[in-house]
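Structure, as structure tokens:
In each ligand, atom 1 is the first atom listed, and ligand 1 is the first ligand listed. Everything quoted here is computed from the prediction, not taken from an experiment.
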Amino acid sequence: MKGVSAIILAAGQGKRMKSSLPKVAHSVLGKPVVWHVAQAARAAGIGEMVFVLGYGRDKILPTVEAFAGKVAIQESQFGTGDAARCGLAELSAGAKEVVVLCGDAPLIRPATIRAVLAARRRKGAAASVLTGVLEEPSGYGRIVRDPDGSVAKIVEEKDADAATRKIREVNAGMYAFDRAFLAKALPRVSDVNAQREFYLTDLVLEALAEGTRVVPVAAADPDEVRGINSRRELAEASRILLRKKLDELMTSGVTVIDPSRTYVETEVVVGQDSILEPGISLLGKTRAGRGVRIQAGCVVEDCVLGDGVHLKPYCVMTSSRVRNGAILGPFSHLRPEADIGEGAHIGNFVEVKKSRIGKGSKANHLAYLGDAVVGRKVNVGAGTITCNYDGIAKYQTVLGDGVFVGSDTMLVAPVTVGKGALIGAGSTITKNVPPYALALCRPEQKNFDFWVARKKPELLKKAGLAIPAMKKGDK
Ligand code: UD1
Ligand code: CA
């Protein structure tokens, strides 16, 4: 949309949040509140965005950068009118229309932004404003309409009399303005009101004084109007956005068995015919392919899952990759930079960190693989541990294709096991193993005949065993 810019108001602290973090930097579905606002503006086709920042601005800069936005600083928060004035000063000359958005209203939809813009243009008015009819309007500015339906004024709750407070149509805090009008009218707004603030909403009166007007646009969905002012409202917004996200997934062909018990963050992608079982969290930039099954208790953050991957219950994984058809869990733990090969199996109580596991390899029980490069069709026995850390540095373990590692093997890195080699159970491997060799490193076993019967007969008695006949001469 050429010539349309946005000013996003995000300088306030948000006292009712009771937080040191600025209100709009709190996270909803894995992204800051203000990020959702900017995302809607971007999706509506708006290019230039100016973020008005003040309190805790450092916490909001990552969002500004994500949208290549500009920053306007409002040192003291004198009200939404003053904030808009700060934003206006940073707009490029090419901006002929200005959309003003509240940084604390993350449920706004792109289509609604476009509708508010279109309504102003259609009527050739100075401004248009988004409104919503709420069951519980308290806290919001009320829309007072003229008999002809246009907006007569917007009255803040704190300035409203009893009759005005009964009005259920509220100001969403989202507007489209003709830039020239905005520039001319903003300096005229005063702070003579209950809060001693410059109200952006007073521009309605300025428009009428100019003989033009403000067109109301009622939101199709009153949820869109919701601003976040408290932790409760934050949770409400999360719930609504989550439901929307899950609806999108279901529409695209993903089975969500129980949406009320499934948490999927905004940027997560899940392919068709995948099944999300109850009690899972898919976080950050996680991307799952087609036909993936994720069972109860899995927490998956910033991971890439290939087609047909199956995560059995209670896998915890971060910043890792799992290739097509691999099976994990129950109770597998992937720490950053694990790369699990096609069709590989990682089983219960297996932890993998910064390791590549080759196609078709298996580590099914109780193992730690850290800083390892594991080839194809390798079998890692139960209780195998890469001893990758000497307290100062980390060292690599390399297992060639087809290696068989017996149970309870310690691989003391740096160490390389050649392809096709076999390691006997219980070995502590400190030297490289050549390809196809057997490596065995454990003390030889000694048996002491009839030792228990002779020295600890009470043990046999406890177990209900008879004392065996011992040959004469046995000591
Ligand atoms: C504002 C509207 C109200 C509307 C409601 C919708 C005004 C006067 N009131 O009230 O009619 O129903 O939004 O949610 O506009 N901000 C700044 N600088 C400031 C003050 C606020 O950047 O000096 C930012 C805040 O960070 C916030 C947004 O503007 O993101 C709205 O401010 P807030 O104080 O929440 O306004 P409300 O009282 O909710
Ligand atoms: Ca608000």
Worksheet item: Would Arg323 and Asp339 pass as an ion pair if we require N to O under 4.0 Å?
Response: yes

The answer for which part of Asn229 has a heavy atom under 4.0 Å from ligand 1 is side chain

Between Glu206 and Arg188, does at least one N-O distance fall below 4.0 Å, as a salt bridge requires? yes

In ligand 1, the atoms that come under 4.0 Å of a heavy atom of Gly12 are 17 (C), 22 (O), 25 (C), 26 (O)

Value for CE (Met174) from CG (Leu9), rounded to nearest 0.5 Å, stands at 11.0 Å

| said: Pairs of nitrogen or oxygen atoms closer than 3.5 Å, one from Gly141 and one from ligand 1: do any exist? | reply: yes

Taken to the nearest 0.5 Å, the spacing of Arg293 CZ from Thr255 OG1 works out to 11.5 Å

A student checking ligand 1 against Cys102 at a 4.0 Å heavy-atom cut-off should list atoms 28 (C), 31 (C)

Fit a plane to each ring of Phe78 and Phe198, take the angle between them on a 0 to 90° scale, and name the class: parallel (under 30°), tilted (30 to 60°) or perpendicular (over 60°). perpendicular

Partner of Glu97 under side chain to side chain donor-acceptor pair (under 3.5 Å), picked from Lys2, Arg179, Arg120, is Arg120

Near Ala172 (heavy-atom distance under 4.0 Å), the atoms of ligand 1 are 6 (C)

Compare all side-chain heavy atoms of Val380 with those of Ser361 and state whether any distance is below 4.5 angstrom. no

Here the atoms of ligand 1 under 4.0 Å from any heavy atom belonging to Gln74 are 17 (C), 18 (N), 19 (C), 22 (O), 23 (O)

**Request:** Compute the shortest N/O to N/O distance between Tyr199 and ligand 1 and return yes if it is under 3.5 Å, no if not.
**Result:** no

For Ala83, the ligand 1 atoms with a heavy-atom partner under 4.0 Å come out as 17 (C), 18 (N), 22 (O)

Is it true that the side chains of Asn388 and Thr386 contain a donor and an acceptor less than 3.5 Å apart? no

Q | Salt bridge present between Asp371 and Lys394 (N-O < 4.0 angstrom) | A | no

Expected output: side-chain Asn193 to main-chain Glu197 donor-acceptor under 3.5 Å
yes

Short version for Ala11: what comes under 4.0 Å of ligand 1, heavy atoms counted, is both

Per-atom filter on ligand 1: closer than 4.0 angstrom to a heavy atom of Phe78 are 23 (O)

Taking only non-hydrogen atoms of Thr201 and a 4.0 Å limit, the atoms of ligand 1 in range are 7 (C), 8 (C), 11 (O), 15 (O)

query: Could a heavy atom of Lys23 be found less than 4.0 Å from some atom of ligand 1?
result: yes

Requested in this report: Give yes if a backbone or side-chain nitrogen or oxygen of Thr80 is under 3.5 Å from a nitrogen or oxygen of ligand 1, and no if not.
Outcome: yes

If we number the atoms of ligand 1 from 1 as shown, the ones under 4.0 Å from a heavy atom of Gln77 are 18 (N), 19 (C), 23 (O)

A student comparing Arg142, Glu156, Gln195, Glu157 should find that the heavy atom closest to atom 2 (C) of ligand 1 comes from Glu156

At under 4.0 Å between heavy atoms, what of Glu197 touches ligand 1? The answer is neither

Checklist line | Lys/Arg-Asp/Glu bridge criterion (N-O < 4.0 Å) met for Glu351, Arg335 | finding: yes

Contact region, Ala10 to ligand 1, non-hydrogen atoms below 4.0 Å, reads backbone

Gly79-ligand 1 polar pair, N/O distance under 3.5 Å: yes

